[in-house]
Amino acid sequence: MQRPPGVIRITSDTRSCFSVPVQATHTLHKEINVCSAASIGTSAIGDKNKKNTQSMIRSAQSVRGVLLMSALAAITSPLLGAPLPTTPTLIVRASTFASTSTSAGSWDGALPLSDQATSTTELDLKAPALTTAERIEDLVPYLPDTLPAINNAGMSSALLVRGFALTRFHIDGLPDIQRLYVRDLTTVARIEVQRGPDAVMHGITDPGGVVEYIGKAPSFTPMHHVSQSLGDHGLSRSTIDLTGPISNEVAYRIVASAHEGETHPGGLTDDRRVGLAALSWAYRDGGAVTVSTEEQRNRRPFLFGTVITDHGVQYDRLYASDHQHNDRRYRRTTLQWEDAVSERLTLSARYAESEVNRDETLIGFWSLRNQDSLWGYATRYRDRYTQTNWRLDARLKLGTHTLIAGRDDNRQHVDFTGTQSIGGFTISIANPDFSGVDYGSLATSNRFKRESHRDTSWFIGDHIALSEALDLSIGARQMHHAIASGAALSPAGEGDNLSWHLGLVGRPAAGFKAHAALSTGTTPNVGTTRGGRFLPAQRTRQAELGLQWQGADGITLGGAIYRAMLENLPMTDPLDKTAKISAGRRRIKGMELTGRLDHGPWAISAHGSWRATRQVVSTASWLGDAFPGVPAFSAGLSLAHTLPAVAGYPLTARLDAVHVGERHGDAANSFKVRGYRRYDIGLHTKHGRYDLDLAVRNAFDTRYIAAISAKDDVYQGERQRIIATLSSTF
């Protein structure tokens, strides 16, 4: 019998049994439940003989699956199409101890995380403390050297990882939607955050790292999960997650989510609906095809943020109209195939097609006019964006070598048209009022953007077991990129570049693991030199050393030091103001420390990060040395304590604390903003198949700046929220 490739992981099942998932593909997880951990044999996995003996059970499950899908179609139709009633709220925020800081990069499933040489953190979103997270920014307390960021006023997911903005996200081995998109974590099973560049396996990446979402996939183990969250400020969040077999070879998954409420502060409507449907066909042991489609409708308005004046931060002020029209629709369809051709060779192919349509009117502010007023801003536009991605790869185990090689292709196209008014009206800082703004009476100018991107690459990597205690990983990627813009899509950027990776993992003694890595990243530039040549791509080079120790008494300690350099930043040619040169350079040095203790009823997890930034070659004379919005020190602490049962109900109390140090408030380093500490508390109990989670997010209602890049580009952190979530898995 051929066993599908991948790592066999034993994880807790909701019925207090165990499941052994076999990762045949990123989107297909065959599982077998074992109610006793005494003996788990790999022969049970994918064993068609056992499937045949259960054919009557499968037939009944098939009928039930069809009925469930039919019923869900009626349920999800109003969820995705009609607004739900607004209700008082309660939400859950808690610590997760499903996160494991490891030395890992992404080799596309060819290697387990423990065999790789780059620092990452893995989060399993089935952990009770994480099941109510809505977007990746909610998980920052559990991610070392990671801070919340704001991109497109919160309409795009964003993080600061190792001091650099991270805005490119990946899912199941391909780039996620790259156009003003927030992935709802209802569709995600697991997250891997890699700190540091990885152009070899991921292609174009951000300098600070890579986020890889592992999407929810069909399973042959039936599972039905529903939950309802209620909270203050109108929060209501409903989710449905159904999966199971339709036949011996076919499994399904359907996920739906409806979120609504009000931003706090601000009081603007926050409305997001998500639906996902997937089918997997396991046509033989080790071979599977999965097709999925997902849609999202997001009506969250553009928040615009707040400002800092001579009187300080203008907290709790809404500098955006509450009558903005916002409608963003997203669709993504994927096809994935993977086949373990033999015990040594695995082939896989992935294809994704995405489309984004936006129809919006934004009314807010542009910049500070003086200490008492703001220049107003208004725009109306339509935006259509398409994206296609495909990837082919082969993984081969050959003696002491684990090889991976492949090719990928990524294309993006955007058509954007609209009108805008900059400074056509003014807004009082003390008493903002947009009721008198009439867009039709404003003098406007046209907006237009037409742009296409394409990159194609060949990549290869090899992991070599040099000895029982020493592993070497090497890899390289050759990429060609082309960018075109304007009505006629004229060439705007093009080039070829080579990226590489080199890593060592050593195990000098029992419980110890050390790693050293040199890695690179790449991002295309736009523009030409005075000689008419396109600018070379930006490049990141990082060197890292790390050490981890795991004791037998539930203690795990780890740490890493790193130095990253971002080069080829574009800047104006001093000899020709109409041309560009790629001479800018930025550097960051840092250190991370992580620790975890599991002892009796206590589970404690902590991390701290120190970083120093420098503009080695500034792209403008007025730039300061430090990166804006990046503190020198940040830390996180998570505590969970199992309390004595009350009336037979088990109780777990949680506390999460985040510390962010003082930061420079703008690129010129002309002022600083104070740091902050934020605390989230929670209480979880379980009765049978029901879970109840009560939590207070920002328990002490701290007013703080979550992200900043200038005095008129300031985003206040979320105020206190109380949330309750009732869920059931059956």
Side-chain angles (χ1 to χ4, degrees), residues 118-119 140 143-151 158-168 193-198 205-211 308 517-523 525 538-546 559-571 582-594 607-636 658-676 704-711 713-715:
T118 310
S119 296
V140 162
L143 300 173
D145 214 343
T146 302
L147 299 170
I150 302 294
N151 188 28
L159 299 171
L160 285 177
V161 183
R162 287 190 169 174
F164 291 104
L166 190 153
T167 59
R168 295 175 180 268
V193 179
Q194 175 180 324
R195 297 183 291 282
D198 181 21
T205 57
D206 294 304
V210 180
V211 167
I308 298 177
L518 298 173
S519 54
T520 60
T522 184
T523 302
N525 273 325
Q538 298 177 32
R539 293 181 58 83
T540 306
R541 295 181 291 111
Q542 178 177 275
E544 177 180 344
L545 295 172
I561 57 174
Y562 61 89
R563 181 182 186 272
M565 182 77 75
L566 177 61
E567 303 173 322
N568 294 345
L569 293 169
M571 55 192 297
S582 53
R585 299 172 67 193
R586 296 173 183 166
R587 187 188 69 199
I588 186 164
K589 298 186 292 185
M591 177 174 62
E592 303 168 358
L593 295 174
T594 61
H607 59 82
S609 302
W610 170 86
R611 56 195 77 81
T613 63
R614 182 185 175 192
Q615 302 277 0
V616 179
V617 178
S618 293
T619 55
S621 59
W622 51 268
L623 285 177
D625 211 31
F627 298 179
V630 178
F633 180 73
S634 62
V658 175
H659 169 80
V660 175
E662 186 180 57
R663 297 152 285 168
H664 287 279
D666 62 354
N669 296 172
S670 63
F671 69 99
K672 289 185 176 183
V673 295
R674 65 182 184 183
Y676 66 89
Y704 64 95
I705 294 175
I708 184 172
S709 65
K711 286 187 175 182
D713 188 25
V714 183
Y715 289 91

> Among all residues two or more places apart in sequence or in another chain, which pass the side chain to side chain contact (heavy atoms under 4.5 Å, CB included) test with Ala710?
Replying inline: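 Per chain and number, Ala710 pairs via side chain to side chain contact (heavy atoms under 4.5 Å, CB included) with Asp712, Asp713.
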>> Suppose we screen for side chain to side chain contact (heavy atoms under 4.5 Å, CB included). Which residues come up paired with Val617, at least two apart in sequence or across chains?
In response: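 With neighbours one apart ignored, the set is Arg585.
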> Counting only N and O atoms by type, is there a donor-acceptor contact under 3.5 Å from the side chain of Thr613 to the main-chain atoms of Phe627?
Replying inline: yes
>> Less than 3.5 Å apart, any donor N or O on the side chain of Arg162 or Ser609 sitting next to an acceptor on the other?
In response: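 No - no donor-acceptor pair under 3.5 Å links their side chains.
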>> Working to the nearest 0.5 angstrom, can you tell me the gap between Asp206 CG and Leu166 CG?
In response: 4.5 Å
> Out of curiosity, Ser582 OG to Glu567 CD, how far, rounded to the nearest 0.5 Å?
Replying inline: 10.0 Å
List the atom pairs, donor and acceptor, that lie under 3.5 Å between side-chain atoms in residues 618-626 and the rest of the protein, sequence neighbours left out.
unit_1: Asp625; atom_1: OD1; unit_2: Gln615; atom_2: N; d: 3.2

Does any non-hydrogen side-chain atom of [Y] lie less than 4.5 Å from one of [X]?
{"X": "Gln538", "Y": "Leu566", "value": "yes"}
{"X": "Val658", "Y": "Tyr704", "value": "no"}
{"X": "Arg674", "Y": "Glu662", "value": "no"}
{"X": "Gln194", "Y": "Thr205", "value": "no"}
{"X": "Asp666", "Y": "Phe671", "value": "yes"}
{"X": "Val673", "Y": "Val714", "value": "no"}
{"X": "Pro631", "Y": "Arg611", "value": "yes"}

> Between Glu592 and Arg195, is there a side-chain N and carboxylate O pair less than 4.0 Å apart?
Replying inline: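 Judged by the 4.0 Å cut-off on N to carboxylate O distance, Glu592 and Arg195 do form a salt bridge.
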> Does atom CZ of Arg168 have more than 12 heavy-atom neighbours from other groups under 6.0 Å away?
Replying inline: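 Atom CZ in Arg168 is packed in, count exceeds 12.
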